[in-house]
Amino acid sequence: MALKIVKGSIDRMFDKNLQDLVRGIRNHKEDEAKYISTCIDEIKQELKQDNIAVKANAVCKLTYLQMLGYDVSWAAFNIVEVMSSSKFTYKVSCSQLQLQSVDAVLITTIINSVSLPLVTQDLSSPNQYDTGVALTGLSCFVTPDLARDLASDIMTLMSHTKPYIRKKAVLIMYKVFLKYPESLRPAFPRLKEKLEDPDPGVQSAAVNVICELARRNPKNYLSLAPLFFKLMTSSTNNWVLIKIIKLFGALTPLEPRLGKKLIEPLTNLIHRALDLLYGMVSKKNLMEIVKKLMLHVDKAEGTTYRDELLTKIIDICSQSNYQYITNFEWYISILVELTRLEGTRHGHLIASQMLDVAIRVKAIRVFAVAQMATLLDNGHLLTGNMQRNGICEVLYAAAWICGEFSEHLEDPMQTLEAMLRPKVATLPGHIQAVYVQNAAKLFATVLRKQEGTTDSLAAQETSQLLIDRLPLFVQSANLEVQERASCILQLVKYIQKLQQKEVEVAEEVTALFAGELNPVAPKAQKKVPVPDGLDLDAWINEPPSESESEDEKPKAIFTKEEPKHTRPRHTEVDEKELARRREARKQEQANNPFYIKTSPSSQKVYQDQPGVEHIPVVQIDLSVPLKVPGMPMSDQYLKLEEERRQKERSERKKKEKKKKREKHGRGRRADSGPESEEDITPAHHVDIVTEEMPEVCWVLLQWPLTDNEKLPVRTHRPAEAVKSPVEAGNGESATPEPKKKKEKKKDKERKVDLSSLTVYLTLFFSHIVYDVQGNLQDGSQVVVSVIFENKTDHFLKSMEFNVLDSLNSKLQRPEGSSPHDGLAVPFQLPPGVSNEARFVFSVQSIVMPQKLKGTLTFIVKTEDASTHEKLDFKLHFTCTSYLITTPCYSDAYAKLLESGELKSSSLKLEGVIMPFHHLLARICFHHHFSVVERIDSCASMYSRSIQGHHVCLLVKTVSTQRVPCLEWMSSILESTR
Amino acid sequence: MRFMLLFSRQGKLRLQKWYTATAERDKKKMVRELMQVVLARKPKMCSFLEWRDLKIVYKRYASLYFCCAVEEQDNELITLEVIHRFVELLDKYFGSVCELDIIFNFEKAYFILDEFLMGGEIQDTSKKSVLKAIEQADLLQEVSGYPW
């Protein structure tokens, strides 16, 4: 025995498995039958073995052979035997063997005698997949006997804990019901429960089963209608929806009330289907699709649905300029057919289509006019519906088309009569107006015809007809109708007089309406050439002077400053005047019941203030570097250009002054000692901050519009003053200081004579929300936005931007390129155009200012040649470039100062003549500080670098000799985070 | 659904599933007849046809025809969706399925079909839950070992 087992397993090694069999069959294409018969012999041998694995293998192969069409019923017993094994795989293969294939008789005997216990045993197996396989197998060969015996077991499984089993059980119940209908009654309550099963799979299975059952006997399932209705409105599963709709299809004939309830959800579904039609139509199938839709229009009952169909038909036909319409006669007839719809609200839509087609498709006019004349003739049929946008609207189109293209009319006289019927007076005013006007056109046509036949009497009769009928319209309540009617009435009376004198008038009357009205495309204006000598860009009046235009700009801070530097005395008034105004404002606010006052507690106000500020500031910071040039951007470029010009003019004047100031700044700086922190902590004088804040915020909002070109233009004294020491390298190494001068630089374009290309460089941080919030150390990147403007008359292309990297700052280049490669600027510049490009720099240390040398190379394309040009520039990265506006609460600020971890230095500036709050706003704006608090002419400010350094700044005005000075105290905490 | 057949353009049956008991002889006859009818149809012809007292819904994917026989009152479009869903399932399971996948792993294909359809009715419309069931079963099969 043992030997036999060993032998068996050795044999097994040489056995073909399923894969081998499949491969073998594919390799024996010529003698497949022969090959298979040997295989079957092998299988027979295998089945005789005791080893269940061998048998299972054999059965697997049988399943394949069976599929190929070979009879395997001789092995039925073995199959059942393998199926009874406890191993999952064997069962799977057996259940796939589809015992149904075995003779029906055999099934009954075998299954009843042998496999029934096996199946039932499987059904109660702890493993859900065993049970699942049993159920799947069972589904293929349920017999009435099996159904009867297993019904109660399966019913139990319907409440199984695993949804996997539940859904299979639910489905198999359907088969059971079919074979053994008696089981339906006891099982039904449970089946109904499953409709609300938490598992969607089970639910859809239950819906499936009930829908299938209901199809056979809908009456019994009427009671489930509310449940299904709920499912239909809540379910998002399209499979389930389709089944439910089919079920309702079976139920509605039995319960008419159901139909009404279903209209809404069903029309929703139908709309979705109708939307698909858009994409489906082509030239070939359009007519057919519309025909089908027209059938539905005729059948449709609800007006809403019918209107929906109507608009869909028109939308489908008219899409992309009637692209799919090959025959406009057909389309006109469709439109005319649609006018038969009663109660539609889309008469206007049909009318506009008629007009559109008749005007744009010249070839169709004869046909259209004939159709419209019929419509007018039968106008009384359409006037039943008088509401606005009702179907009577089509008469508007009909009347206009008949009038305008009256030369195509077969019988203009008849149409004229139709248009002057008394019943017309019941139409809406705007339609009557068109009737009257076009009656006149028709009249002209008729006259010409009648005079041509020398039947002058007929012509006079026609005039008489108008004179008789028009007074009806003259009495109209509608102004337009009245006006047109009385005008035309007088005209006709005059014509009649002439006719009585036997004068031929037709020619002249026709001239009234000569010329064709053509449709105008929306973009047609563009095609009209600008006449010679008309310069659209030239000013009609002298432009306002540039300084004035500056004033008009909503840049509060700079505007106020402008007059100041022309009239310096203003500053003296400033402080007192401000205090006075502030007081007055406070009074006013106190008396204003609608003004929401700040809390008396200064602390609290402070907490509110930064809190309020916090959100917008962060958002704005973010939006700036990411901003896609949109509409305002073009303005920005315009402004840039203006200011650049202005700057050039003013710069010369200022040079001298600047030099002086720089000297002063440098001198002062050395002897000004560090300010003590106590200066900041005392009185929490808040009101100013609350006043000033909106201004600061406002400036920040304006940020995208700023360009640093402005700095040199304006008398930005402190900025220049601080910058110079830095540039002089004045002992800054250990204590990096917030540099006053901001990043950007205008390049000295001393280079090329031909090129007056200007490069504006603007630095922005890569403010990303999560950087600001925590991971500041990774934010060691700076985004430089560069605005390129082509000031030459030539086309510039192939621009390459390159910067000589320093140890500290490196231009981010795409991977794989060497550190000397330039970056291609992703656009070309036609003459006079400017565009913006961004470059990312990685920066290691942010505590020292940087100057990077760079080159821009580009190709200048002239008419006959192109030359390669180069432009050198410098990029300035100052320390404040790396600051991020971060609000700080005053208590946190105090703690920071108390911590003693801040290093400090200070400096004094002279010759600053701007008001203190302007100065603050500037610092906030250009150097990314936020005001922590301000007391009169003293303010503490805070900012934070991208690497998390805290920077505290105290700004004070020292009034000596009435010259406002600035004292700086700054501290940097080398953050160890 | 009465039955589902998969066959190649050459007329080789790749998979068949019968949801009603049919005698072997009848099956063979039906398969042969149906294949002839379907294979003779041109690519642009309709996917639905009436055949005997049944409606045939078929769709060709590459060289493989998926063909379902449904009853008169069944909806053809949803049957087409069923076919497509089955193909999607096969595709997901095998990873861009081809005919050879089905030839060599036909028992898997059967199993997927069984998980998706049962007794000719859709068992689960969720691709995810069908594939999960198959995965689980695969796991079970690996544990219990292959018969070959």
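No hydrogens, no waters, no symmetry mates; every other heavy atom, side chains included, goes into these values. Naming convention: chains lettered A, B, ... in sequence-line order (proteins, then strands); numbering from 1 in each chain.
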Look at B:Arg14, B:Glu81, B:Gln73 and state which one has the largest set of heavy-atom pairs under 4.5 Å with chain A. B:Gln73
Measuring from atom CE of B:Met4 to atom CG of B:Leu117, what distance do you get when rounded to the nearest 0.5 angstrom? 6.0 Å
Looking at every non-hydrogen atom in both residues, tell me the closest pair between B:Ala109 and B:Ile102 and how far apart they are. CB-CG2, 4.3 Å
Can the ring centres of B:Tyr19 and B:Phe3 be said to be less than 6.0 Å apart? no
Counting distance only, does the side-chain N/O of B:Arg41 pair as donor-acceptor with the main-chain N or O of B:Pro43 below 3.5 Å? no
Interface check, chain B: of A:Lys175, A:Lys243, A:Gln203, most non-hydrogen pairs under 4.5 Å belong to A:Lys175
Between B:Leu5 and chain A, which part of the residue has a heavy atom less than 4.5 Å away: side chain, backbone, both or neither? neither
Check each atom of B:Arg85 against the heavy atoms of chain A and say whether the ones under 4.5 Å are side chain, backbone, both or neither. side chain
Contact part of B:Val31 toward chain A, heavy-atom cut-off under 4.5 Å: side chain, backbone, both or neither? neither
Euclidean distance, B:Lys127 NZ relative to B:Lys92 NZ, rounded to 0.5 Å: 5.0 Å
Quick check for you: among B:Asp74, B:Val130, B:Leu113, B:Val82, which has the greatest number of heavy-atom pairs under 4.5 Å with chain A? B:Asp74
